[in-house]
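What follows is a set of notes on a single structure, which appears directly below.
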Amino acid sequence: MPGFELFGDKERKQVQDVLDSGVLMRYGFDGMRNGHWKAKELETALSQRMQSKHVHLVSSGTAALTVALASAGIGAGDEVIMPTFTFVASFESILALGAIPVLVDVDDTLTLDPSAVEKAITPKTKVIMPVHMCGSMADLDSLQQICKKHDLLLLEDACQAIGGTYHGKPLGSIGDLGCFSFDYVKTITCGEGGAVITNNEAYYQNAHKYSDHGHDHIGTDRGAEQHSFLGYNFRISELNAAVGLAQLSRLDEFIALQKGNYAILREALSSIPEVTFRKVPEGGEENYSFLSFFLPSGEIAQKVHQALGANGVDACFYWYNNNWHYYRKWEHLTHLKSLGKLPEEVVKGLPDYANSDFSASDLWVGRTISCLIKLGWSEKEMEERAKKMVEVIQSST
């Protein structure tokens with residue numbers, strides 16, 4: 001998801017503004033700034049783009065998830081439902097607050113299966129957190145209905161899906177809270193950064209305070225600010241925000257490039273009878289950062305993945321054996337490997353993931369290959385790549 005492929009004059013101009021002022025911190029130093037407030041500008045631009053009343057920038061997507069949960073009062077012993085296919089940051093952010101990550105199966109959307117979510121709800125459940133992996137979304141209508149039925153919060157992890165939409169609304173803006181990541185390999189990047197979006201005033205107020213040591217940000221004297229509650233440091237710098245401000249202005253450009261390359265590859269792979277594609281819920285549009293497809297069996301998927309690599313086709317991922325993104329190799333979660341003592345609520349409340357049955361997830365993820373869609377590929381290069389992929393897949397199935 002590489003916005004970094006197309007760094008240019010816009011990014012350089014925004015960063016130079018910060019270097020010229022010498023103010024790298026987002027708060028204070030008003031007289032030195034020469035009118036430059038890159039974090040504030042990016043928050044305003046994101047608010048407009050995401051059709052959300054409130055945006056708060058933080059230091060990473062992981063920080064965004066942590067701050068979003070904290071802003072809604074999630075803490076020790078509370079349960080947060082999340083998918084088996086995601087990034088480790090999902091459960092890290094939950095555990096950071098002493099809450100319990102409850103893993104739930106995915107379906108052919110490669111995101112949360114609503115029927116599995118319903119079965120996983122207990123009196124301790126507080127949040128359902130769908131993760132819009134690889135640029136496409138969960139069945140948000142069904143998840144919203146479940147949240148309404150059980151009085152739960154819907155937190156969208158849209159870290160990999162900026163630019164995607166659901167019934168015309170930007171992904172991330174549909175739940176009570178939404179989170180984005182702007183690390184180096186996201187569709188748009190700040191180098192490092194993230195954002196929390198919400199229409200809830202209370203959550204926003206909590207978020208901007210919690211991410212800056214509890215500062216209330218009232219007045220112009222930072223040293224005189226009050227602290228309503230305990231907080232931590234998840235601030236973004238002006239340099240990171242400057243890069244993101246330029247990148248956000250290019251989001252439509254990036255999505256268009258991805259969509260064009262995606263279309264070429266999908267049309268080519270559609271000619272292979274053994275290939276079927278990830279389900280996109282009705283009313284949804286991906287951000288086209290990946291093309292994910294299924295093969296008839298896990299054995300065939302592994303064979304095809306190995307053959308693609310052997311034939312020089314890069315940027316294709318077999319998640320089933322991936323240490324970062326699929327539950328099977330999260331031994332640090334399964335065995336609660338931590339540098340210090342974990343809260344008693346976590347130790348006693350975490351499900352026995354070493355013996356859990358996620359065969360429904362295995363059925364889908366084990367047959368999945370996801371192909372990254374790069375921005376820098378020309379149409380000719382994309383067509384040549386698609387042709388080679390078809391040849392490799394056909395010879396391996």
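Each residue takes its place number in the sequence, starting with 1. Since we're looking at a predicted model, the values are computed, not measured.
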Could you tell me whether [X] and [Y] make a salt bridge, using a distance below 4.0 angstrom between a side-chain N and a carboxylate O?
X: Arg12; Y: Asp17; answer: no
X: Arg367; Y: Glu274; answer: no
X: Lys374; Y: Glu381; answer: no
X: Arg33; Y: Glu238; answer: yes
X: Asp212; Y: Arg222; answer: yes
X: Glu286; Y: Lys259; answer: no

Do [X] and [Y] belong together in a cluster built from hydrophobic side chains that touch within less than 4.5 Å?
X: Tyr232; Y: Phe229; answer: yes
X: Leu291; Y: Leu308; answer: yes
X: Ile121; Y: Phe91; answer: yes
X: Phe4; Y: Leu375; answer: no

Arg328 to Trp330 six-membered ring, cation-pi geometry met (6.0 Å, 45°):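 Judged by the rule (NZ or CZ under 6.0 Å from the ring centre, within 45° of its axis), Arg328 is not positioned above Trp330.
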- Query: Has Arg278 got its NZ or CZ under 6.0 Å from the middle of the six-membered ring of Phe293, at an angle within 45 degrees of the ring axis?
  - Reply: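 Because its charged atom misses either the 6.0 Å distance or the 45° angle limit, Arg278 does not stack over Phe293.
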Heavy atoms from other residues, nucleotides or ligands near CD of Glu391 exceed 12 (cutoff 6.0 Å)
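It does: Glu391 CD has more than 12 such atoms within range.
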Exercise. Would one find more than 12 heavy atoms of other residues, nucleotides or ligands at under 6.0 Å from atom CD of Glu379?
Worked result: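 Count not over threshold, so no.
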Whether the [X] and [Y] side chains hold a donor-acceptor pair (N or O, under 3.5 Å, no angle test) is what I'd like checked.
X: Asp113; Y: Ser115; result: yes
X: Ser93; Y: Thr66; result: no
X: Asn287; Y: Tyr262; result: no
X: Gln51; Y: Lys169; result: no
X: Ser228; Y: Asp216; result: no
X: Trp319; Y: Ser370; result: yes
X: Gln302; Y: Gln306; result: no
X: Gln160; Y: His132; result: no

task = Name the orientation class of the two ring planes belonging to Tyr204 and His54 (parallel below 30°, tilted from 30 to 60°, perpendicular beyond 60°).
result =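 If you compare the ring of Tyr204 with that of His54, the planes turn out parallel.
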What's the spacing between His36 NE2 and Lys38 NZ if we round to 0.5 Å?
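Taking NE2 in His36 and NZ in Lys38, the distance rounds to 5.0 Å.
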(message) Would you say that Ser136 contacts Glu285 through its side chain, given a criterion of any heavy-atom pair below 4.5 Å between the two side chains?
(response)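 Contact flag for Ser136/Glu285 side chains = no.
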Fill in: Heavy-atom side-chain proximity of Val67 to Asn206 below 4.5 angstrom
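Not in contact.
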N/O donor-acceptor pair under 3.5 Å between Gln205 side chain and Ala202 backbone: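 No: the side chain of Gln205 does not pair with the backbone of Ala202.
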| field | Side-chain (Thr165) to main-chain (Pro170) donor-acceptor, under 3.5 angstrom | value |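 A pair under 3.5 Å: no.
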Shortest non-hydrogen contact between [X] and [Y], atoms and distance:
X: Met389; Y: Cys371; answer: CE-SG, 3.3 Å
X: Glu41; Y: Leu245; answer: OE1-CD2, 3.3 Å
X: Ser378; Y: Asn261; answer: O-OD1, 4.5 Å

_So that I know where these two stand, are His217 and Tyr27 an aromatic pair - ring centroids less than 6.0 Å apart?_
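For His217 and Tyr27, the ring centres are under 6.0 Å apart.
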